[in-house]
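Report on the structure given below.
So that the names make sense, note that chain A is the first sequence line, chain B the second, and so on, each numbered from 1. Side chains included, hydrogens not; waters and symmetry mates left out as well; all remaining heavy atoms used. Just so it is clear, the structure is predicted and the values come from calculations on it, not from any experiment.
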Amino acid sequence: MKRSNLYILLLLCLGSIKGRGQYSFNGTMSASVSIQSVLALSVTNNASPAITFTNSQYTNGYTVSNFNSFTVKSNQPWTLSVSAGTANFSASGTYASSNMPASVIGIVKSGQSPYLQLTTTGQVLATGNRGNTSTTGNSFNMDFKANPGYNYGPGIYTLSIVYTLTAQ
Amino acid sequence: MKKLVLLPFLVFGQFFANAQKPVKNIQQTITMNLLAVGPVHLPKLITNTGKGKTKKDTSLDLAALSQRNNMIIEKQALDTVIVKNDTIIHSEGAVLYTITSL
């Protein structure tokens, strides 16, 4: 082998060693994680939403304990409000009254009082803290009461109830 | 360059998503069936003369009505008392039938 070729080989080896020495790295990296608001609401209807009144219920009202079950998952403190979709019931039937107000319906978080009479304005049904459904207060039931009395004619009445979950 | 153009929209989108309070709505529809209700039948008993129904007539009426699935019959005993000078001078039992059509 020629002497010039030996020099080239030697330079290549030195270059390789030097190159490997430059791969060591020291530094600081900052990681950024964006967490969005999470709100999840589930409603289970435990009783039939179609209610037929019997005679005594016209006098005392129709009460259903644990009418609905709610579960909330949230990473923020939350508020659950309730309102009526319309001011009055939608009525059908020859003798039905078109002026039966949503306020004949009362609802309350089970174990609490008084009943909230429904209006089209939201009213606070429950509040809670961040957490999943096993967090205290994030799973609860609702009692229901309807008390039209003798003030409205026989017929079929329909009303939408709106439950709204918001972050505090 | 295209990525740079998209950047302001991405940043604004993030801001907008965090600026809005998250809201979840659930709607539930309830239906109430209100029935015709009230006392509609008060049988009158015949003693010896006059119009009305005997106890036997009333029993037959109730038996016929109770066969119908679209009616509820509630029976309530009443005492009719006539008082004069704090003294009961006459009392008679009566029965109030409340018939509710379904």
Side-chain angles (χ1 to χ4, degrees), chain A residues 34-43 45 47-59 62 67-68 70 72 74-76 78-82 85 89-93 95-97 100 104-105 144 146 148 150 152-168, chain B residues 3-43 58 61-79 94-102:
Chain A
S34 175
I35 297 177
Q36 304 295 323
S37 294
V38 178
L39 275 178
L41 172 65
S42 171
V43 180
N45 189 209
S48 171
I51 300 159
T52 299
F53 276 67
T54 59
N55 202 17
S56 62
Q57 289 163 344
Y58 288 91
T59 304
Y62 184 100
F67 183 76
N68 283 338
F70 294 88
V72 176
S74 172
N75 59 1
Q76 287 178 275
W78 54 266
T79 298
L80 180 65
S81 302
V82 62
F89 278 78
S90 169
S92 65
Y95 304 105
S97 308
M100 185 157 78
V104 303
I105 302 294
F144 173 95
Y150 292 92
Y152 307 99
I156 299 173
Y157 296 87
T158 305
L159 181 75
S160 291
I161 304 175
V162 182
Y163 304 97
T164 304
L165 181 70
T166 53
Q168 289 181 12
Chain B
K3 289 178 182 175
L4 281 175
V5 172
L6 287 174
L7 191 61
F9 292 99
L10 289 171
V11 171
F12 181 74
Q14 285 288 315
F15 169 76
F16 190 72
N18 287 299
Q20 293 288 316
K21 275 191 173 182
V23 174
K24 294 285 179 188
N25 275 317
I26 288 183
Q27 189 163 307
Q28 177 181 39
T29 301
I30 59 165
T31 302
M32 291 202 304
N33 298 324
L34 297 188
L35 310 173
V37 64
V40 294
H41 185 65
L42 185 61
T58 302
D61 281 351
L62 289 173
L65 288 171
S66 63
Q67 296 300 311
R68 298 171 64 170
N69 293 328
N70 59 346
M71 288 203 172
I72 298 171
I73 302 170
E74 292 187 8
K75 189 175 175 182
Q76 188 178 3
L78 303 173
D79 283 328
V95 179
L96 174 66
Y97 294 97
T98 303
I99 302 173
T100 306
S101 63
L102 296 179

side-chain hydrogen bond (donor to acceptor under 3.5 Å, both in side chains) involving A:Thr164 - partner list, sequence neighbours excluded:
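Once residues adjacent in sequence are excluded, the partners of A:Thr164 under the side-chain hydrogen bond (donor to acceptor under 3.5 Å, both in side chains) criterion are B:Asn25.
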
Examine whether an atom of [X] lies under 4.5 Å from a heavy atom of chain B, and if so say whether it belongs to the side chain, the backbone or both; otherwise answer neither.
X: A:Phe70; value: neither
X: A:Gln76; value: side chain
X: A:Phe144; value: side chain
X: A:Val38; value: neither

Under 4.5 Å between any side-chain heavy atoms of B:Met32 and A:Ile105, yes or no?
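Contact flag for B:Met32/A:Ile105 side chains = yes.
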
Is there a side-chain contact between A:Asn68 and B:Gln28 in this structure, where contact means two heavy atoms from C-beta onward sitting under 4.5 Å apart?
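The answer is yes; the side chains approach within 4.5 Å.
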
If you count heavy-atom pairs under 4.5 Å between each of A:Val162, A:Leu41, A:Leu159, A:Thr166 and chain B, which one has the most?
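Ranked by contacts with chain B, first place is A:Leu159.
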
Could you state the interatomic distance from CD1 (A:Ile51) to CD1 (B:Ile30), rounded to the nearest 0.5 Å?
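Here the interatomic distance stands at 5.0 Å.
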
[X] and [Y]: which non-hydrogen atoms are nearest, and at how many Å?
X: B:Leu34; Y: A:Tyr157; result: CD1-CE1, 3.5 Å
X: A:Leu39; Y: B:Lys24; result: O-CE, 2.9 Å
X: A:Val43; Y: B:Ile26; result: CG2-CD1, 3.7 Å

Not counting sequence neighbours, which residues clear ring-ring contact (aromatic ring centres under 6.0 Å, His included) with A:Phe89? List them please.
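Residues passing ring-ring contact (aromatic ring centres under 6.0 Å, His included) with A:Phe89: none at all.
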
